[in-house]
Amino acid sequence: MDADFWLARWREGRTHFHQDRVTPLLEKFWPPLGVPAGSRVLVPLCGKSLDMLWLARQGWRVLGVEISPLAVEQFYAEHGLQPRRRRSALGEHYEADGIEIVCGDIFGLDAATLASCTGVFDRAALVALPHGMRGPYVRHVYGQLGAGWRGVLITLDYPQAEMDGPPFSVDDAQVQALYAGHGQAELAYRRDVLDKEPKFQKGGVSRLDTLVYRLQGPG
Ligand code: SAH
């Protein structure tokens with residue numbers, strides 16, 4: 001799952017992971033976290049998610065990171081926003097209405113930028129990465145967020161042998177192993193969603209749960 005894989009998905013419009021609405025589980029689980037309004041919230045592997053609009057409208061400053069320029073341009077265009085643009089070593093930055101998106105590789109995000117974020121919303125990001133990339137991703141991103149950070153993580157749990165990802169299955173044991181040493185991952189919600197996911201049904205998956213975690217950094 002390198003950059004070319006994702007760039008091709010966006011070019012060919014194979015972006016079924018995109019939802020035309022705000023993730024209801026974000027609206028339910030984000031407010032009780034108590035992330036102070038005005039603080040910066042990282043949305044890694046953000047695509048053109050409407051969740052960024054919701055966070056910004058509730059008063060948080062959003063920092064999305066997305067490798068596909070098509071996704072970033074569609075995000076602003078589809079919401080009638082005209083972003084300011086600038087280049088840095090991280091990539092091309094777009095910014096409008098409290099939503100900044102860096103068009104670049106999440107692994108290229110520098111320590112200072114990560115440390116400026118005290119909130120994180122991870123949907124279809126951790127589960128988009130194959131097994132070998134998840135450990136480095138969690139270490140790089142979650143290991144460098146600002147002190148006292150909090151977040152919401154949404155994963156999927158299904159028998160991986162029955163279908164290949166992405167999205168990959170990241171079950172509770174994997175989440176606990178990944179986040180050990182980077183804070184606490186508290187399983188807040190689990191729901192069987194197989195009847196809402198025809199793609200998984202057609203793929204022959206016998207069980208599919210969505211899991212929501214409250215994340216809290218150390219200290
Ligand atoms: N979170 C979004 C998109 C999920 S799909 C949503 O909920 O809709 C995963 C996204 O991550 C894709 O848009 C893909 O282009 C992007 N991506 C994949 N690898 C990346 C990387 N290394 N750095 C930044 N973005 C990446």
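Whatever order the structure lists ligands and atoms in, that order sets their numbers, starting from 1. Remember, predicted model here, so these are calculated numbers, not experimental data.
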Peer 1: Within the structure, does Phe107 bring an N/O atom to less than 3.5 angstrom of an N/O atom in ligand 1?
Peer 2: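 Checking ligand 1 against Phe107, no N or O pair falls under 3.5 Å apart.
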
Peer 1: Exactly one of Arg87, Arg84, Arg86 should register a salt bridge (Lys or Arg N to Asp or Glu O under 4.0 Å) with Glu92. Which one does?
Peer 2: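 Among Arg87, Arg84, Arg86, the one meeting salt bridge (Lys or Arg N to Asp or Glu O under 4.0 Å) with Glu92 is Arg87.
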
Peer 1: Can you confirm, on distance only, whether ligand 1 has an N/O atom lying under 3.5 Å from any N/O atom belonging to Glu66?
Peer 2: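 There is such a contact, yes.
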
Peer 1: Could you list the atoms of ligand 1 found under 4.0 angstrom from a heavy atom of Gly104?
Peer 2: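 Counting from 1, the qualifying ligand atoms are 23 (N), 24 (C).
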
Peer 1: Apply the salt bridge (Lys or Arg N to Asp or Glu O under 4.0 Å) test between Arg207 and each candidate in Asp192, Asp157, Asp171, Asp195; give the one that qualifies.
Peer 2: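 Considering Asp192, Asp157, Asp171, Asp195, a salt bridge (Lys or Arg N to Asp or Glu O under 4.0 Å) with Arg207 is found only for Asp157.
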
Peer 1: Looking at Trp54, is its backbone amide N or carbonyl O close enough to the side chain of Glu27 to form a donor-acceptor pair, meaning the two atoms are under 3.5 Å apart?
Peer 2: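 Looks like no, no N/O pair under 3.5 Å.
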
Peer 1: Would you please test Ser49 and Arg123 for side-chain contact (heavy atoms from CB on, under 4.5 Å) and show each step?
Peer 2: CA-CA 9 Å; Ser49 159; Arg123 178 214 169 244; 6.0 Å; no

Peer 1: Test your reading of the structure: does Ile106 have an N or O sitting under 3.5 Å from an N or O of ligand 1?
Peer 2: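 Indeed, backbone or side chain, Ile106 has an N or O that close.
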
Peer 1: Between Gln160 and Met163 (side chain of the first, backbone of the second, donor and acceptor by atom type, cut-off under 3.5 Å), is there such a pair?
Peer 2: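 Here the side-chain-to-backbone pair exists.
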
Peer 1: Indicate yes or no: does an N/O atom of Ser68 lie under 3.5 Å from an N/O atom of ligand 1?
Peer 2: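 N/O-N/O distance below 3.5 Å does not exist for this pair.
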
Peer 1: Go through the steps for His18 and Leu50 under the test side-chain contact (heavy atoms from CB on, under 4.5 Å), then give the verdict.
Peer 2: CA-CA 9 Å; His18 176 71; Leu50 273 62; 3.8 Å; yes

Peer 1: Examine ligand 1 and decide if any of its atoms is less than 4.0 Å from a heavy atom belonging to Ala71.
Peer 2: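 Checking ligand 1 against Ala71, which is what was asked, there is no heavy-atom contact under 4.0 Å.
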
Peer 1: Any nitrogen or oxygen of Leu45, main chain or side chain, under 3.5 Å from a nitrogen or oxygen of ligand 1?
Peer 2: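 Leu45 vs ligand 1: N/O contact under 3.5 Å present.
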
Peer 1: What atoms in ligand 1 come closer than 4.0 Å to a heavy atom of Asp105?
Peer 2: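 Matching atoms, with element in brackets: 21 (C), 22 (N), 23 (N).
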
Peer 1: For ligand 1 and Arg123, I'd like to know whether there is a polar contact (N/O to N/O, distance under 3.5 Å).
Peer 2: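 Between Arg123 and ligand 1, an N or O pair is found under 3.5 Å apart.
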
Peer 1: For Trp10 and ligand 1, does the shortest N/O to N/O distance drop below 3.5 Å?
Peer 2: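 Yes; at least one N/O pair falls below 3.5 Å.
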
Peer 1: Got a donor-acceptor contact below 3.5 angstrom from the Ser68 side chain to the Trp10 backbone?
Peer 2: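 No; judged by distance alone, with no hydrogens or angles, the pair does not exist.
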
Peer 1: Examine the proximity of ligand 1 to Ala3 and report which part, side chain or backbone, both or neither, has a heavy atom under 4.0 Å away.
Peer 2: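 None of Ala3 does.
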
Peer 1: Donor-acceptor check, side chain of Asp97 to backbone of Ile99, threshold 3.5 angstrom: yes or no?
Peer 2: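 No: the side chain of Asp97 does not pair with the backbone of Ile99.
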
